[in-house]
Number of protein chains: 2
Amino acid sequence: MCEATIVDAEAVARMLAAQPSEEHVRSIADIFAALSDPTRLRILVALSREDLCVCDLAAVTGVSSSAVSHQLRVLRDRRLVSFARDGKRAVYSLADEHVASLLAQGSEHAGERA
Amino acid sequence: MCEATIVDAEAVARMLAAQPSEEHVRSIADIFAALSDPTRLRILVALSREDLCVCDLAAVTGVSSSAVSHQLRVLRDRRLVSFARDGKRAVYSLADEHVASLLAQGSEHAGERA
DNA sequence: TGAGCATATGAGCACACGTTCAGATGTATC
DNA sequence: GATACATCTGAACGTGTGCTCATATGCTCA
(Lines give C-alpha, C1' and ligand atoms only; values in the text may rest on other atoms or scores of the structure.)
Protein backbone atom coordinates (compact mmCIF):
# COMPACT_ATOMS: atom_id res chain seq x y z
CA MET A 1 0.00 0.00 0.00
CA CYS A 2 1.21 3.48 -0.71
CA GLU A 3 -2.01 5.47 -1.06
CA ALA A 4 -0.64 8.41 0.89
CA THR A 5 2.86 8.31 -0.52
CA ILE A 6 3.77 10.87 -3.13
CA VAL A 7 7.20 10.91 -4.69
CA ASP A 8 7.14 14.10 -6.73
CA ALA A 9 4.69 16.39 -4.97
CA GLU A 10 5.29 19.30 -7.33
CA ALA A 11 4.59 17.20 -10.40
CA VAL A 12 1.43 15.83 -8.84
CA ALA A 13 0.26 19.33 -8.02
CA ARG A 14 0.98 20.47 -11.58
CA MET A 15 -0.89 17.51 -13.03
CA LEU A 16 -3.86 17.98 -10.73
CA ALA A 17 -4.06 21.61 -11.78
CA ALA A 18 -3.76 20.77 -15.47
CA GLN A 19 -6.12 17.80 -15.52
CA PRO A 20 -9.27 18.40 -17.56
CA SER A 21 -12.56 18.48 -15.69
CA GLU A 22 -14.40 15.34 -14.66
CA GLU A 23 -17.05 16.21 -17.21
CA HIS A 24 -14.60 16.71 -20.05
CA VAL A 25 -12.81 13.44 -19.31
CA ARG A 26 -16.13 11.61 -19.34
CA SER A 27 -17.01 13.25 -22.60
CA ILE A 28 -13.77 12.10 -24.23
CA ALA A 29 -14.16 8.61 -22.80
CA ASP A 30 -17.68 8.45 -24.25
CA ILE A 31 -16.44 9.18 -27.73
CA PHE A 32 -13.67 6.61 -27.58
CA ALA A 33 -16.10 4.09 -26.09
CA ALA A 34 -18.37 4.60 -29.07
CA LEU A 35 -15.42 3.75 -31.32
CA SER A 36 -14.37 0.71 -29.31
CA ASP A 37 -16.84 -1.83 -30.67
CA PRO A 38 -16.07 -3.83 -33.86
CA THR A 39 -19.64 -3.59 -35.14
CA ARG A 40 -19.78 0.17 -34.64
CA LEU A 41 -16.36 0.55 -36.25
CA ARG A 42 -17.50 -1.38 -39.30
CA ILE A 43 -20.57 0.82 -39.52
CA LEU A 44 -18.46 3.97 -39.35
CA VAL A 45 -15.88 2.73 -41.83
CA ALA A 46 -18.63 1.92 -44.31
CA LEU A 47 -20.30 5.29 -43.76
CA SER A 48 -16.97 7.04 -44.25
CA ARG A 49 -17.12 5.88 -47.86
CA GLU A 50 -20.80 5.96 -48.66
CA ASP A 51 -24.15 6.83 -47.07
CA LEU A 52 -26.16 3.70 -46.35
CA CYS A 53 -29.51 2.62 -44.92
CA VAL A 54 -29.93 0.32 -41.93
CA CYS A 55 -30.60 -2.76 -44.04
CA ASP A 56 -27.48 -2.35 -46.10
CA LEU A 57 -25.41 -1.61 -43.01
CA ALA A 58 -26.70 -4.89 -41.58
CA ALA A 59 -25.53 -6.68 -44.70
CA VAL A 60 -22.14 -5.01 -44.58
CA THR A 61 -21.53 -5.64 -40.90
CA GLY A 62 -23.03 -9.10 -40.85
CA VAL A 63 -25.32 -8.59 -37.88
CA SER A 64 -29.09 -8.24 -37.61
CA SER A 65 -30.72 -4.95 -38.54
CA SER A 66 -32.00 -4.78 -34.98
CA ALA A 67 -28.47 -4.89 -33.66
CA VAL A 68 -27.42 -2.27 -36.21
CA SER A 69 -30.27 -0.04 -35.14
CA HIS A 70 -29.24 -0.35 -31.51
CA GLN A 71 -25.67 0.61 -32.36
CA LEU A 72 -26.77 3.46 -34.59
CA ARG A 73 -28.62 4.86 -31.63
CA VAL A 74 -25.41 4.91 -29.67
CA LEU A 75 -23.63 6.64 -32.54
CA ARG A 76 -26.49 9.12 -32.96
CA ASP A 77 -26.53 9.97 -29.26
CA ARG A 78 -22.80 10.67 -29.48
CA ARG A 79 -23.38 12.81 -32.57
CA LEU A 80 -21.01 10.62 -34.60
CA VAL A 81 -23.57 9.93 -37.31
CA SER A 82 -26.58 11.75 -38.66
CA PHE A 83 -29.46 10.42 -40.70
CA ALA A 84 -32.17 11.48 -43.08
CA ARG A 85 -35.44 9.73 -43.75
CA ASP A 86 -35.91 8.60 -47.32
CA GLY A 87 -39.37 7.10 -47.51
CA LYS A 88 -39.36 3.93 -45.47
CA ARG A 89 -35.61 3.93 -45.14
CA ALA A 90 -33.29 5.87 -42.89
CA VAL A 91 -30.07 6.83 -44.65
CA TYR A 92 -27.15 7.34 -42.33
CA SER A 93 -23.95 9.30 -42.85
CA LEU A 94 -20.96 10.42 -40.79
CA ALA A 95 -21.70 13.50 -38.74
CA ASP A 96 -18.46 15.29 -39.69
CA GLU A 97 -14.87 14.86 -40.81
CA HIS A 98 -13.60 14.62 -37.24
CA VAL A 99 -15.04 11.14 -37.10
CA ALA A 100 -13.30 10.04 -40.27
CA SER A 101 -10.12 11.62 -38.97
CA LEU A 102 -10.31 9.72 -35.69
CA LEU A 103 -10.98 6.50 -37.59
CA ALA A 104 -8.00 7.07 -39.84
CA GLN A 105 -5.72 7.80 -36.93
CA GLY A 106 -6.87 4.78 -34.98
CA SER A 107 -6.41 2.62 -38.04
CA GLU A 108 -2.94 4.02 -38.62
CA HIS A 109 -1.95 3.41 -35.03
CA ALA A 110 -3.29 -0.15 -35.17
CA GLY A 111 -1.47 -0.82 -38.39
CA GLU A 112 1.92 0.10 -37.02
CA ARG A 113 1.90 -2.49 -34.28
CA ALA A 114 2.04 -5.67 -36.37
CA MET B 1 -37.24 -8.10 -40.11
CA CYS B 2 -35.27 -7.47 -43.26
CA GLU B 3 -32.19 -9.65 -42.77
CA ALA B 4 -32.19 -10.73 -46.40
CA THR B 5 -33.24 -7.40 -47.87
CA ILE B 6 -30.60 -5.30 -49.54
CA VAL B 7 -31.45 -1.95 -51.05
CA ASP B 8 -28.23 -0.99 -52.80
CA ALA B 9 -26.52 -4.26 -53.69
CA GLU B 10 -23.63 -2.58 -55.49
CA ALA B 11 -22.81 -0.35 -52.55
CA VAL B 12 -22.96 -3.30 -50.19
CA ALA B 13 -20.60 -5.26 -52.42
CA ARG B 14 -18.20 -2.30 -52.58
CA MET B 15 -18.27 -1.89 -48.80
CA LEU B 16 -17.77 -5.60 -48.19
CA ALA B 17 -14.75 -5.54 -50.48
CA ALA B 18 -13.32 -2.40 -48.88
CA GLN B 19 -13.93 -3.37 -45.25
CA PRO B 20 -10.75 -3.89 -43.27
CA SER B 21 -10.04 -7.41 -42.04
CA GLU B 22 -11.63 -8.82 -38.94
CA GLU B 23 -8.24 -8.72 -37.29
CA HIS B 24 -7.58 -5.09 -38.16
CA VAL B 25 -11.00 -3.99 -36.95
CA ARG B 26 -10.40 -5.77 -33.65
CA SER B 27 -7.04 -4.10 -33.37
CA ILE B 28 -8.52 -0.64 -33.87
CA ALA B 29 -11.34 -1.40 -31.43
CA ASP B 30 -8.77 -2.48 -28.85
CA ILE B 31 -6.95 0.83 -29.04
CA PHE B 32 -10.11 2.89 -28.71
CA ALA B 33 -11.28 0.63 -25.88
CA ALA B 34 -8.08 1.39 -24.04
CA LEU B 35 -8.89 5.10 -24.38
CA SER B 36 -12.50 4.72 -23.30
CA ASP B 37 -12.02 4.65 -19.54
CA PRO B 38 -11.83 7.87 -17.48
CA THR B 39 -9.09 6.55 -15.21
CA ARG B 40 -6.94 5.46 -18.14
CA LEU B 41 -7.56 8.78 -19.89
CA ARG B 42 -6.43 10.70 -16.82
CA ILE B 43 -3.32 8.55 -16.66
CA LEU B 44 -2.52 9.22 -20.31
CA VAL B 45 -3.23 12.94 -20.07
CA ALA B 46 -0.88 13.21 -17.11
CA LEU B 47 1.81 11.18 -18.88
CA SER B 48 1.46 13.36 -21.96
CA ARG B 49 2.87 16.19 -19.86
CA GLU B 50 5.30 14.46 -17.55
CA ASP B 51 6.67 11.00 -16.79
CA LEU B 52 5.33 9.71 -13.48
CA CYS B 53 5.57 6.69 -11.19
CA VAL B 54 2.62 4.55 -10.12
CA CYS B 55 2.20 6.26 -6.76
CA ASP B 56 2.03 9.73 -8.23
CA LEU B 57 -0.34 8.55 -10.95
CA ALA B 58 -2.57 7.19 -8.19
CA ALA B 59 -2.53 10.61 -6.52
CA VAL B 60 -3.29 12.39 -9.78
CA THR B 61 -6.13 10.08 -10.80
CA GLY B 62 -7.57 9.68 -7.34
CA VAL B 63 -7.75 5.89 -7.33
CA SER B 64 -5.70 3.26 -5.48
CA SER B 65 -2.27 2.39 -6.76
CA SER B 66 -3.53 -1.15 -7.25
CA ALA B 67 -6.20 0.10 -9.62
CA VAL B 68 -3.63 2.25 -11.42
CA SER B 69 -1.36 -0.74 -11.78
CA HIS B 70 -4.16 -2.80 -13.29
CA GLN B 71 -4.92 -0.06 -15.80
CA LEU B 72 -1.24 0.46 -16.61
CA ARG B 73 -1.09 -3.20 -17.53
CA VAL B 74 -3.87 -2.65 -20.04
CA LEU B 75 -2.05 0.35 -21.47
CA ARG B 76 1.25 -1.54 -21.57
CA ASP B 77 -0.32 -4.52 -23.35
CA ARG B 78 -1.70 -2.11 -25.96
CA ARG B 79 1.72 -0.48 -26.27
CA LEU B 80 0.28 2.90 -25.34
CA VAL B 81 2.73 3.45 -22.49
CA SER B 82 6.22 2.25 -21.71
CA PHE B 83 8.04 2.21 -18.41
CA ALA B 84 11.49 2.11 -16.90
CA ARG B 85 12.46 0.88 -13.47
CA ASP B 86 14.04 3.48 -11.24
CA GLY B 87 15.01 1.71 -8.06
CA LYS B 88 11.83 0.70 -6.30
CA ARG B 89 9.71 2.81 -8.57
CA ALA B 90 8.43 2.23 -12.07
CA VAL B 91 8.37 5.43 -14.11
CA TYR B 92 5.84 5.42 -16.91
CA SER B 93 5.71 7.50 -20.08
CA LEU B 94 3.69 7.65 -23.28
CA ALA B 95 4.85 5.11 -25.84
CA ASP B 96 4.85 7.58 -28.75
CA GLU B 97 3.33 10.76 -30.13
CA HIS B 98 0.48 8.91 -31.79
CA VAL B 99 -1.06 8.48 -28.38
CA ALA B 100 -0.84 12.16 -27.56
CA SER B 101 -2.25 12.92 -30.99
CA LEU B 102 -5.24 10.62 -30.47
CA LEU B 103 -5.83 12.18 -27.05
CA ALA B 104 -5.74 15.67 -28.50
CA GLN B 105 -8.13 14.80 -31.27
CA GLY B 106 -10.57 13.09 -28.92
CA SER B 107 -10.41 16.06 -26.61
CA GLU B 108 -11.01 18.46 -29.45
CA HIS B 109 -13.99 16.47 -30.68
CA ALA B 110 -15.44 16.30 -27.17
CA GLY B 111 -14.95 20.02 -26.70
CA GLU B 112 -16.92 20.98 -29.77
CA ARG B 113 -20.14 19.34 -28.66
CA ALA B 114 -21.07 21.55 -25.71
C1' DT C 1 -57.97 2.36 -44.29
C1' DG C 2 -55.30 -1.79 -44.23
C1' DA C 3 -51.37 -4.60 -45.59
C1' DG C 4 -46.44 -4.84 -45.78
C1' DC C 5 -41.89 -3.46 -45.27
C1' DA C 6 -38.08 -0.63 -42.75
C1' DT C 7 -36.70 0.97 -38.56
C1' DA C 8 -36.86 1.70 -33.59
C1' DT C 9 -37.39 0.19 -28.87
C1' DG C 10 -37.73 -2.68 -24.47
C1' DA C 11 -36.72 -6.81 -21.76
C1' DG C 12 -33.60 -10.36 -20.82
C1' DC C 13 -29.31 -12.94 -20.95
C1' DA C 14 -24.40 -13.89 -21.39
C1' DC C 15 -20.19 -11.80 -21.11
C1' DA C 16 -16.63 -8.24 -20.28
C1' DC C 17 -14.86 -4.52 -17.42
C1' DG C 18 -13.13 -1.68 -13.28
C1' DT C 19 -12.70 -1.70 -8.77
C1' DT C 20 -11.37 -3.57 -4.10
C1' DC C 21 -9.05 -6.78 -1.16
C1' DA C 22 -5.48 -9.85 -0.02
C1' DG C 23 -1.30 -11.46 -1.00
C1' DA C 24 2.98 -12.14 -4.04
C1' DT C 25 7.11 -10.25 -6.27
C1' DG C 26 10.83 -7.15 -6.54
C1' DT C 27 14.20 -3.66 -4.94
C1' DA C 28 16.91 -0.94 -1.67
C1' DT C 29 18.81 -0.24 3.06
C1' DC C 30 20.31 -1.87 7.34
C1' DG D 1 19.33 -12.19 5.56
C1' DA D 2 15.52 -9.10 7.39
C1' DT D 3 12.71 -5.14 7.02
C1' DA D 4 10.26 -1.61 4.54
C1' DC D 5 8.42 0.25 0.64
C1' DA D 6 6.71 0.19 -4.41
C1' DT D 7 4.58 -2.41 -7.68
C1' DC D 8 2.23 -6.32 -9.51
C1' DT D 9 -1.18 -10.02 -9.67
C1' DG D 10 -5.35 -13.08 -8.89
C1' DA D 11 -10.01 -13.68 -7.15
C1' DA D 12 -14.41 -11.81 -6.41
C1' DC D 13 -18.15 -8.52 -6.77
C1' DG D 14 -21.11 -5.09 -8.86
C1' DT D 15 -22.02 -2.82 -13.11
C1' DG D 16 -22.26 -1.98 -17.97
C1' DT D 17 -22.58 -3.67 -22.75
C1' DG D 18 -24.10 -6.12 -27.19
C1' DC D 19 -26.75 -9.38 -28.78
C1' DT D 20 -31.48 -11.73 -29.61
C1' DC D 21 -36.34 -11.92 -29.47
C1' DA D 22 -40.70 -9.84 -29.47
C1' DT D 23 -43.14 -5.85 -30.27
C1' DA D 24 -44.10 -1.03 -31.39
C1' DT D 25 -43.78 2.89 -34.56
C1' DG D 26 -43.43 5.02 -39.22
C1' DC D 27 -43.95 5.21 -43.96
C1' DT D 28 -45.81 3.79 -48.64
C1' DC D 29 -48.90 2.04 -51.73
C1' DA D 30 -52.97 -0.32 -53.04
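Being a predicted model, the structure only gives us computed values, none of them experimental. Each chain gets a letter, A, B and so on, in the order its sequence line appears, and its residues count up from 1. The basis for the numbers below is simple: all heavy atoms, side chains too, and nothing from hydrogens, waters or symmetry mates.
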**Q.** Minimum heavy-atom distance between A46(B) and V60(B), given as atom pair plus value
**A.** CB-CG1, 4.2 Å
Q.
Heavy-atom count check: over 12 atoms from other residues, nucleotides or ligands less than 6.0 Å from R76(B) CZ?
A. yes
Q. Which sits closer to the 5' end of DNA chain C, V7(B) or R73(A), going by the nucleotide each is nearest to?
A. V7(B)
Q | From dC19(D), dA6(C), dA11(D), nucleotide with atom closest to T5(B) side chain | A | dA6(C)
Q | Under-3.5 Å donor-acceptor pair between S69(A) side chain and dT9(C) base | A | no
**Q.** Whole-Å distance separating the CG atom of L72(A) from the P atom of dC19(D)
**A.** 11 Å
(Q) Tell me whether the side-chain N/O atoms of Y92(B) come closer than 4.0 Å to OP1 or OP2 in dA6(D). (A) no
Q. Planes under 30° and centres closer than 5.5 Å, is that true for H70(A) with the base of dT9(C)?
A. yes
(Q) Please give me the minimum heavy-atom distance between V25(A) and P20(A), naming the atom from each residue. (A) CG2-CG, 3.7 Å
Q. Quick one: on DNA chain D, does R85(A) or R40(A) contact a more 5' nucleotide (nearest heavy atom)?
A. R40(A)
Q) How long is the line joining CG of D86(B) and P of dA28(C), in whole Å? A) 9 Å
**Q.** Nearest-nucleotide pick for F83(A), side chain only, options being dC8(D), dA8(C), dT20(C)
**A.** dA8(C)
Q. Do S66(B) side-chain and dC21(C) base share a donor-acceptor contact under 3.5 Å?
A. yes
Q) Given dC19(D), is OP1 or OP2 found less than 4.0 Å from the side-chain N or O atoms of Q71(A)? A) yes
Q. Quick one: is R76(B) getting a side-chain N or O under 4.0 Å of the dC8(D) phosphate, OP1 or OP2?
A. yes
Q.
Checking contacts here: which listed nucleotide (dT7(D), dG18(D), dT27(C)) is nearest the side-chain heavy atoms of K88(B)?
A. dT27(C)
**Q.** Test item: R42(A) and E22(B) side chains (from C-beta on) under 4.5 Å apart, heavy atoms
**A.** yes
Q. For R85(A) and K88(A), which heavy atoms make the closest approach, and how far apart are they?
A. NH1-O, 3.0 Å
Q: Report yes if at least one side-chain N or O of R89(A) is closer than 4.0 Å to OP1 or OP2 of dG26(D); otherwise report no.
A: no
